[in-house]
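To start, the structure itself, in structure tokens.
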Amino acid sequence: MDIITYVLIAIVILVVIIAKKSLVIISQSETKIIERLGKYHDTLSPGINIIIPFIDHAKEMVSVKAGRYVYSSDIDLREQVYDFDRQNVITKDNIQMQINALLYFQIVDPFKAVYEINNLPNAIEKLTQTTLRNIIGEMELDQTLTSRDTINTKLRAVLDDATNKWGIKVNRVELQDIMPPESVLNAMEKQMQAERNKRAVILTSEGDKQSQILQSEGEKAATINKAEAQKQQEILKAEGEAQARIRKAEAEAKAIELVTEAVGKTTNPANYLLAQKYIQMMEELAKGDKTKTVYLPYEATNVMGSIGGIKELFKEK
């Protein structure tokens, strides 16, 4: 092979190399920052892009892969998650505990993410840790354990505002674990047990109270019902006696009417009835084994005269 052939082969190889370096293929949801002679030139979009070899080159930035910081020219525009290690925080009531968090963020402005911050993952991590310490420092232990949503909301708002100049959008922050010291956990367990015992005693006393109230109300209702029954009984008894007296009076009136018809108008019916009652009384006095002395009033002679008159009257009839 002569020298011309070698030159042609070299030219072809150089053209291939130049063509390869001139064509940059960007995957979907990724981009690259291109600098020309050390100055920002362009942000590449997904697909085939043409650059000038040896003049244009991609700017590298720090990213996290497999838990390590690495430099790469590929900028991922998808939502990313950082799992931070546990860190010590102190609450408002001076309780030290460990918290680790998950941060979900997305690069929305690659230019700012590359040029406004040197080590983006490390900056986000440190900012998250300091912000989390400040938020927990304003809350007491009980409030910290029961207010995860509040902590997440405050943390996301602060981080989103602080990272805006870095071209970062913080979508959400999640607290994974909140771990108080062992002594605090034991104290909390004893406190919960005491609270359970307290609620049990309160429920028992409330049950006894309700039982006594229901029992007293039942006794009250029974007494009222008994009094009402007795009242109704007395009313019915009085009404019965009144009806009996009315019937008896009506019967006596009927009897007097019949006696009047029997003895005629010449004889007073009252004398007849009085004499009849007198005779019945004398029969009662005559009963018994012992001798009885009976004193008759002066007016008794009139009664005897009435009896005699009635006797004569019946003889005439």
Side-chain angles (χ1 to χ4, degrees), residues 24 26-35 38-46 57-92 95-139 141 143-180:
V24 179
I26 305 298
S27 302
Q28 187 67 35
S29 299
E30 290 185 358
T31 188
K32 286 186 178 183
I33 297 295
I34 300 300
E35 291 182 343
K39 184 179 179 181
Y40 170 77
H41 173 66
D42 192 13
T43 300
L44 301 184
S45 59
H57 71 277
K59 176 69 174 178
E60 292 184 345
M61 68 172 293
V62 180
S63 61
V64 178
K65 291 184 179 180
R68 297 183 306 167
Y69 292 131
V70 296
Y71 283 90
S72 174
S73 61
D74 296 328
I75 301 175
D76 196 341
L77 300 179
R78 296 173 297 179
E79 186 176 31
Q80 303 177 51
V81 55
Y82 279 176
D83 185 2
F84 302 114
D85 295 333
R86 291 179 181 176
Q87 59 176 323
N88 294 325
V89 295
I90 300 177
T91 62
K92 186 178 180 180
I95 302 298
Q96 184 176 358
M97 58 184 179
Q98 292 184 336
I99 293 181
N100 68 323
L102 288 176
L103 178 64
Y104 296 84
F105 73 95
Q106 187 174 9
I107 297 176
V108 294
D109 190 339
F111 177 86
K112 292 182 178 180
V114 172
Y115 291 105
E116 295 294 334
I117 187 71
N118 180 28
N119 190 333
L120 180 62
N122 185 59
I124 294 176
E125 180 178 1
K126 299 305 180 184
L127 179 61
T128 302
Q129 291 176 349
T130 55
T131 305
L132 187 58
R133 288 193 184 99
N134 292 335
I135 294 175
I136 298 299
E138 297 175 354
M139 306 173 68
L141 176 62
Q143 188 179 3
T144 302
L145 296 176
T146 59
S147 304
R148 290 199 178 194
D149 291 340
T150 303
I151 297 173
N152 294 339
T153 302
K154 290 183 177 180
L155 188 58
R156 189 194 67 81
V158 174
L159 292 177
D160 191 30
D161 182 66
T163 58
N164 184 49
K165 64 179 181 179
W166 300 339
I168 302 298
K169 174 65 177 177
V170 177
N171 296 325
R172 61 185 184 276
V173 180
E174 298 290 342
L175 296 183
Q176 283 187 295
D177 297 318
I178 300 178
M179 300 185 63

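Since the structure is predicted, the reported quantities are computational estimates derived from the model, not experimental observations. Hydrogens, waters and symmetry mates play no part in the numbers below; they use all other heavy atoms, side chains included.
- Rounding to the nearest 0.5 Å places CG of Asn100 at 9.5 Å from CG of Leu132.
- Among all heavy-atom pairs drawn from Ala58 and Lys32, the shortest one is CB-CD, 4.2 Å.
- The CD atom of Gln87 sits 9.0 Å away from the CD1 atom of Ile136 when rounded to the nearest 0.5 Å.
- A search for side chain to side chain contact (heavy atoms under 4.5 Å, CB included) contacts involving Asn118 returns nothing, not counting sequence neighbours.
- Taken from CD in Gln80 to OH in Tyr104, the straight-line distance is 12.5 Å, to the nearest 0.5 Å.
- In terms of heavy-atom proximity, Ala113 sits nearest to Leu120 at CB-CD2, 4.3 Å.
- Nearest heavy atoms, Ile26 versus Ser45: CB-O, 3.4 Å.
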| request: Report the C-alpha separation of Asn122 and Val62 in whole Å, then their side-chain angles, then the decisive distance to 0.1 Å, and conclude whether the side chain to side chain contact (heavy atoms under 4.5 Å, CB included) test is met. | output: CA-CA 9 Å; Asn122 185 59; Val62 180; over 6 Å; no
| field | Stepwise side chain to side chain contact (heavy atoms under 4.5 Å, CB included) test for Asp83 and Gln176 | value | CA-CA 9 Å; Asp83 185 2; Gln176 283 187 295; 3.0 Å; yes
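- Between Thr150 and Gln143, every side-chain heavy-atom pair lies at or beyond the 4.5 Å cut-off.
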| task | Could you go through the side chain to side chain contact (heavy atoms under 4.5 Å, CB included) check for Ile107 and Ile168 one step at a time? | result | CA-CA 5 Å; Ile107 297 176; Ile168 302 298; 3.7 Å; yes
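- Remark: Phe111 engages Tyr40, Tyr115 in a ring pair (Phe, Tyr, Trp, His ring centres under 6.0 Å) (not counting sequence neighbours).
- Heavy-atom minimum distance, Ile75 versus Pro110: CD1-CB, 4.1 Å.
- In terms of heavy-atom proximity, Lys59 sits nearest to Glu35 at CD-OE2, 3.4 Å.
- Rounded to the nearest 0.5 angstrom, Lys126 NZ and Thr131 OG1 are separated by 13.0 Å.
- Here the side chains of Thr128 and Phe105 are not in contact, with every heavy-atom distance at 4.5 Å or above.
- Ser147 places no side-chain N or O within 3.5 Å of a backbone atom of Thr144 that could act as its donor or acceptor partner.
- Remark: side-chain polar atoms of Gln106 are paired, donor with acceptor, to backbone N or O of Leu77 under 3.5 angstrom.
- Across all non-hydrogen atoms, the minimal contact from His57 to Gly38 is CE1-N, 4.5 Å.
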Name the atoms and distances for all side-chain donor-acceptor pairs under 3.5 Å in residues 151-164, with sequence neighbours left out.
residue, atom, partner, partner atom, Å
Asn152, OD1, Leu175, N, 3.4
Asn152, ND2, Arg148, O, 3.2
Thr153, OG1, Asp149, O, 2.8
Asp160, OD1, Val170, N, 3.4
Asp160, OD2, Lys169, NZ, 3.2
Thr163, OG1, Leu159, O, 2.6

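- For the atom pair Thr43 OG1 and Ile33 CD1, the distance stands at 3.5 Å (nearest 0.5 Å).
- Put simply, CD on Gln96 and OG1 on Thr91 are 9.5 Å apart, with the number rounded to the nearest 0.5 Å.
- Without hydrogens or angle criteria, Ser73 side chain to Glu60 main chain gives no donor-acceptor distance under 3.5 Å.
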